[in-house]
Amino acid sequence: MDYRTFVDEQVASIRETVGNGLAINALSGGVDSSVVTVLGYQSLKDRLKTVFIDNGLMRQDEPEQVVKIFARMGIPVEPVNSRSEFLNALKGLTDPEEKRNAITKTFYASVFGRIVRETGAKYLLHGTILTDIEETVAGIKRQHNILAQLGIDPEREYGYQVLEPLKTLRKDGVREVAKVLKLPAKITKRIPFPGPALATRIVGEVTEERLKTVRAATAIVEEELGRSKAFQYMAILLNDKATGIREGKREFGQIIVVRCIHSLDARAATPVEIPWKRLHRICGRITALEGVNRCLYDLTPKPPATIEYI
Ligand code: XMP
């Protein structure tokens, strides 16, 4: 496929559909929503409103970095601080599916749904790709009807329209479009990071304090393994505790797992053989974090394990 032509066609189509109207989209910093943002902006300029919803589950400095990357491309992105809304929705939840549902519901029905109504935008740009549609049809993913998720009934509230410019592409195609659009490597080469963000790496309840721990451990792992060429690497906070010694005293402390995997498409994965020396360094840095006294390396392939922990 000629991706330059693809870009021209999508820009023309978005322009024609939206006309003089107002469109809105939510940017996460992942490659799909980033490509949609650039396509939308090239089509509509200031008639596109792009928001970055800070759910409080992001990695260190992630919201600021994403906004900055787009500012450098001349694309304004409005950060929306919704941290407490997400944390409140997660309060007391320990079941993985309940946590995921709470995040999805808070994102669509509360935060993004409210913003869409407030702006009066009638067009939503969404980064759905072909794989999402296939997985929804096959029953692997939850229903993917974005208007329904936003709590918008198109029949009752006539006029809302969802535009999905990437729906004929798979991930490799989106990356090609990203190259045509000259998106920086920080976006195109970014390792996969799930929508529910650090919540997928906290076993048990997600609290501000536990997020702080896993966020700091994640920063260490990403720094140490950034050149590993692995498909994905991460830090996970377990719900168990273990006895250790700190400054001569017994401490019942937190346990962090480091996971680093090779994979082609995330459907199967094998652990990476990280050199001992590097593993020791990672362990040393992670156990220097407050309250963490154990660091484990996960040797489990997928299957039987999944990549994330919830
Ligand atoms: P699992 O844990 O299912 O992950 O082996 C497979 C790949 O998908 C990512 N992942 C997600 N991505 N929303 C996403 O956008 C999610 O809810 C989600 N859960 C897992 C995961 O990081 C891995 O690359």
Side-chain angles (χ1 to χ4, degrees), residues 25-37 52-53 55-59 62 66 86 89-90 93 95-109 111-112 126-136 138-146 149 164 166-167 169-172 174-175 178 187-203 206 214-215 217-218 221-222 225-226 228-238 257-272 298-310:
N25 78 312
L27 168 70
S28 72
V31 65
D32 304 342
S33 69
S34 294
V35 165
V36 164
T37 301
F52 179 96
I53 295 171
N55 57 14
L57 310 170
M58 302 286 169
R59 289 168 291 183
E62 195 162 10
V66 174
F86 282 88
L90 285 164
L93 301 185
D95 178 78
E97 279 307 302
E98 282 181 18
K99 281 155 73 178
R100 281 175 172 272
N101 281 337
I103 294 167
T104 310
K105 235 175 97 190
T106 307
F107 183 89
Y108 287 107
V111 180
F112 193 41
H126 199 243
T128 319
I129 66 172
L130 186 54
T131 326
D132 297 329
I133 297 171
E134 286 169 343
E135 289 186 346
T136 303
I140 298 168
K141 256 191 193 156
R142 262 177 255 134
Q143 187 25 15
H144 214 96
N145 180 343
I146 180 179
Q149 293 200 73
E164 296 172 316
L166 310 181
K167 71 177 176 207
L169 303 179
R170 292 182 197 284
K171 207 66 162 192
D172 51 339
V174 181
R175 289 193 199 281
I187 299 278
T188 54
K189 299 235 164 82
R190 182 175 128 128
I191 55 166
F193 189 64
L198 294 176
T200 60
R201 298 171 187 176
I202 294 179
V203 186
V206 177
V214 85
R215 186 176 287 123
T218 301
V221 170
E222 292 195 351
L225 299 178
S228 67
K229 298 210 169 76
F231 178 83
Q232 210 169 352
Y233 33 87
M234 63 191 77
I236 301 102
L237 176 62
L238 295 187
V257 175
V258 175
R259 184 147 173 75
C260 178
I261 49 114
H262 287 309
S263 178
L264 273 180
D265 52 14
R267 284 191 290 187
T270 48
V272 176
D298 186 345
L299 291 181
T300 329
K302 174 182 178 177
T306 52
I307 294 174
E308 307 289 346
Y309 268 53
I310 79 151

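In listed order, ligands and their atoms are each counted from 1. Side-chain atoms are counted along with the backbone in the values below, which use heavy atoms only and exclude waters and symmetry mates.
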So which protein heavy atom does [atom] come closest to, and at what separation?
{"atom": "atom 2 (O) of ligand 1", "answer": "Glu308 N, 2.8 Å"}
{"atom": "atom 23 (C) of ligand 1", "answer": "Gln232 OE1, 3.4 Å"}
{"atom": "atom 15 (O) of ligand 1", "answer": "Gly195 N, 3.3 Å"}
{"atom": "atom 10 (N) of ligand 1", "answer": "Pro194 CB, 3.7 Å"}

Can you find an N or O of [X] that's nearer than 3.5 Å to an N or O of ligand 1?
{"X": "Arg100", "answer": "yes"}
{"X": "Lys302", "answer": "yes"}
{"X": "Ile307", "answer": "yes"}
{"X": "Phe193", "answer": "no"}

Quiz item: Applying a 4.0 Å heavy-atom criterion (strictly less than), which segment of Pro192 is in contact with ligand 1: side chain, backbone, both, or neither?
Solution: side chain

Quiz item: Does Lys99 use its side chain to pair, donor to acceptor, with the backbone of Ile202 at less than 3.5 Å?
Solution: yes

Self-check item: Arg170 side-chain N/O to Thr131 backbone N/O, donor-acceptor pair under 3.5 Å
Solution: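 Flag not set: sc Arg170 to bb Thr131 has no pair under 3.5 Å.
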
Quiz item: Taking C-beta and beyond as the side chain, do Phe107 and Ile53 meet within less than 4.5 Å on heavy atoms?
Solution: yes

Quiz prompt | Non-hydrogen side-chain atoms of Met234 and Thr218 separated by less than 4.5 Å | solution =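 Contact flag for Met234/Thr218 side chains = no.
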
[X] with [Y]: basic N within carboxylate O range, under 4.0 Å:
{"X": "Arg100", "Y": "Glu308", "answer": "no"}
{"X": "Asp265", "Y": "Arg267", "answer": "yes"}
{"X": "Glu62", "Y": "Arg215", "answer": "no"}

Quiz prompt | Pro196 neighbourhood, listing ligand 1 atoms whose heavy-atom distance to it stays under 4.0 Å | solution = 13 (N), 16 (C), 17 (O)

Exercise. Number the atoms of ligand 1 from 1 as they appear, then name those within less than 4.0 Å of a heavy atom of Thr306, with their elements.
Key: 1 (P), 2 (O), 5 (O)

Self-check item: Intermediate values then yes/no, side-chain contact (heavy atoms from CB on, under 4.5 Å), Asp32 and Val36
Solution: CA-CA 6 Å; Asp32 304 342; Val36 164; 5.8 Å; no

Practice problem: Establish whether atom 8 (O) of ligand 1 and some protein heavy atom are separated by less than 4.0 angstrom. | Solution: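 Looking at atom 8 (O) of ligand 1, one finds that no protein heavy atom lies closer than 4.0 Å.
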
